[in-house]
Amino acid sequence: MTKSTARQQELSFAIIGGGMAGILSAIKLRDAGYTQFRIYEKADRLGGTWRDNRYPGIACDVPSHSYCYDFEPNPEWSHTCAPGGEILEYFEKVAEKHGVTEKVVFGAEVSRLAFADGRWHLECQDGRKDVVDFVVAATGVLHHPRYPDIPGLDAFAGPCFHTARWDHSVPLEGKRLGIIGTGSTAIQVVGAITDKVGLLTQFQRTAQWIMPRPNPAYTEEEKAEFRRNPDAMRRIRDEQLDIFEHGFSSAVVGENPEALRAIEALTLANLEDNVKDPVLREKLRPDYQAACKRLIMSDNYYEAIQRPNAELVTDTIDRIEPSGVRTASGRLHELDVLVLATGFKVDQFLRPIEVIGYQGVTLEQAWIERPSAYLSVCVPGFPNLVMLNGPNGPVGNFSLIDVADIQLEYFLQLVACVREGEFRQFSATPEAAERFEAERVEATSKTVWVSGCRSWYLDDRGVPAAWPWSMQRFRDVLGSPDLNDFAVA
Ligand code: NAP
């Protein structure tokens with residue numbers, strides 16, 4: 001840890017959100033010598049998405065030795081891709097170990113952030129207030145559940161819940177369970193519960209390409225070796241990140257056609273080899289390019305959906321009735337429990353917090369068309385505020401932990417300029433943000449995300465909202481801020 005100077009101790013920070021990125025922010029701020037910071041967390045527990053998503057089968061399909069902080073390798077991961085509960089526990093343990101938990105204000109839902117007199121004035125729902133120099137927005141991307149707009153949804157007589165609000169008090173054994181959706185979440189749920197329920201009906205609007213993903217458990221000997229020799233974990237991590245970055249990540253942004261062909265071949269072979277019934281196989285065959293939507297990884301979905309008690313319904317949902325789901329053909333699928341695996345509102349970011357920047361301009365006004373951020377981190381007119389995993393960042397194709405880390409380091413360099421007295425405020429200029437956005441939109445035309453599918457990667461224009469270049473470019477561009485792109489005061 002850097003020794004704090006008086007100036008470092010004067011500067012204050014509010015971190016909004018106590019998930020992976022919020023915990024990381026607290027650790028990095030302290031490591032950089034800053035002591036005046038708090039995490040404002042609306043829930044009563046840390047963990048973000050891993051706290052909220054507790055559905056059966058939840059795991060991270062990014063291998064665990066690379067889905068963790070590089071400074072906190074974990075020898076105890078049970079599997080290559082650990083279950084969600086272990087990941088939640090990991091983040092909580094790291095927070096405790098680094099003294100983050102004591103810096104958290106729990107049950108504090110920030111409702112307003114206003115920039116006035118050179119500082120951010122923060123207010124919570126319950127009236128708590130704070131005034132800080134900097135705001136770190138670590139509010140997550142996949143946070144606000146998206147409920148489908150299907151007629152009659154409220155009329156369903158049995159338990160009905162979104163996957164991010166799983167009701168564990170509802171018994172599933174022997175029940176007729178319906179699940180709407182075929183995203184990464186639904187695929188994990190179906191893989192985990194089909195052998196437990198009486199009947200599983202999955203409502204598919206769009207078929208998915210699925211990458212086989214064996215998920216072996218680590219043996220006790222392997223874990224003992226990891227404990228003894230942390231370098232062994234680092235090697236695995238480096239290897240996994242290297243494969244990911246130079247294979248998958250470069251493929252989706254159009255820089256590695258060979259890797260994209262390999263993904264296509266693997267997903268196609270997975271379907272052909274593992275789904276026996278030709279009718280079901282055709283229902284499960286997507287009509288778009290692999291990796292256009294977020295690629296699904298699974299080692300148990302095809303097996304589950306082929307069980308005698310599972311049915312894949314491709315007929316469009318017409319409406320929901322008290323006793324089940326009626327599809328366009330007129331058939332009523334009678335159900336006891338209905339699960340909505342229908343994804344998230346991905347354009348919220350800091351919202352619904354009311355954020356007021358320079359000259360009374362609100363974030364709602366700045367984002368009247370759609371959310372955007374210069375280099376994914378700064379919004380013009382909202383000084384001294386950094387977005388982690390905010391708009392236009394590399395989501396979906398890179399490790400969000402690494403992304404948040406790079407964004408934070410970038411921000412800390414700007415904060416260091418404030419600390420050194422070079423300026424007190426910094427805000428990306430509108431020109432820089434517009435230039436970045438124009439280049440970004442142009443580059444999206446080379447990505448696989450525009451190859452002809454519907455996905456949460458696309459904005460209201462059908463343009464991918466994500467960073468459309470390589471991870472290396474992200475590292476390079478965010479390696480040191482270009483002060484020409486900032487208005488400072
Ligand atoms: P999602 O990928 O957005 O999928 C939502 C699903 O619901 C889609 O199949 C969608 O169909 C369907 N749907 C939505 N509205 C519908 C309607 N009105 N009628 C019928 N179907 C409807 O959501 P998700 O599965 O929760 O995943 C979101 C993201 O979370 C993933 O892409 C991934 O980034 C992340 N995630 C990661 C992991 C992991 O292991 N790392 C696990 C789970 C989730 P269409 O496809 O036709 O739109």
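Note that ligands are numbered from 1 as they come in the structure, with each ligand's atoms numbered from 1 the same way.
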Among protein heavy atoms, which lies nearest [atom], and at what distance?
{"atom": "atom 20 (C) of ligand 1", "value": "I180 CG2, 3.7 Å"}
{"atom": "atom 40 (O) of ligand 1", "value": "D61 N, 2.8 Å"}
{"atom": "atom 36 (N) of ligand 1", "value": "S184 CB, 4.0 Å"}
{"atom": "atom 25 (O) of ligand 1", "value": "T185 N, 3.0 Å"}
{"atom": "atom 46 (O) of ligand 1", "value": "K293 NZ, 2.6 Å"}
{"atom": "atom 33 (C) of ligand 1", "value": "R294 NE, 3.4 Å"}
{"atom": "atom 15 (N) of ligand 1", "value": "R205 NH2, 3.6 Å"}
{"atom": "atom 28 (C) of ligand 1", "value": "W456 NE1, 3.8 Å"}

For ligand 1, which atoms sit closer than 4.0 Å to a heavy atom of [X]?
{"X": "G181", "result": "6 (C), 7 (O), 9 (O), 12 (C)"}
{"X": "C60", "result": "40 (O), 41 (N)"}
{"X": "Y55", "result": "42 (C), 43 (C)"}

Would one find an N or O of [X], backbone or side chain, under 3.5 Å from an N or O of ligand 1?
{"X": "T206", "result": "yes"}
{"X": "A186", "result": "no"}
{"X": "T182", "result": "yes"}
{"X": "Q188", "result": "yes"}

Ion pair present between [X] and [Y], side-chain N to carboxylate O less than 4.0 angstrom?
{"X": "E92", "Y": "R45", "value": "yes"}
{"X": "E369", "Y": "R461", "value": "no"}
{"X": "K42", "Y": "D52", "value": "no"}

Ring center gap for Y67 and W77 short of 6.0 angstrom: no
Indicate every side-chain donor-acceptor pair of residues 346-353 with a distance under 3.5 Å to a residue at least two apart or in another chain.
unit_1, atom_1, unit_2, atom_2, d
R351, NE, Q348, O, 3.4
R351, NH1, E364, OE1, 3.4
R351, NH2, D347, O, 2.4

If you measure from each non-hydrogen atom of [X] to ligand 1, which part falls under 4.0 Å: side chain, backbone, both or neither?
{"X": "F203", "result": "neither"}
{"X": "C81", "result": "neither"}
{"X": "A341", "result": "backbone"}

Side-chain (Q306) to main-chain (N274) donor-acceptor, under 3.5 angstrom: yes
N256 side-chain N/O to H246 backbone N/O, donor-acceptor pair under 3.5 Å: yes
Candidate pair R54 and D167, rule salt bridge (charged side-chain N to carboxylate O under 4.0 Å, His left out), full reasoning: CA-CA 9 Å; R54 310 295 291 274; D167 184 349; over 6 Å; no
Audit row: F344, H162, ring pair (Phe, Tyr, Trp, His ring centres under 6.0 Å) steps and yes/no: CA-CA 10 Å; F344 298 87; H162 190 277; 5.5 Å; yes
Counterpart residues, disulfide (SG to SG under 2.5 Å), relative to C292 (two or more places apart): C453
Option of least heavy-atom distance to atom 23 (O) of ligand 1 (set: G183, G57, G343): G343
Y457 heavy atom under 4.0 Å from ligand 1: no
Check against salt bridge (charged side-chain N to carboxylate O under 4.0 Å, His left out), E96 and K93: CA-CA 5 Å; E96 199 56 46; K93 268 196 184 151; over 6 Å; no
Neighbour count >12 (heavy atoms, 6.0 Å) for atom CG, D273: yes
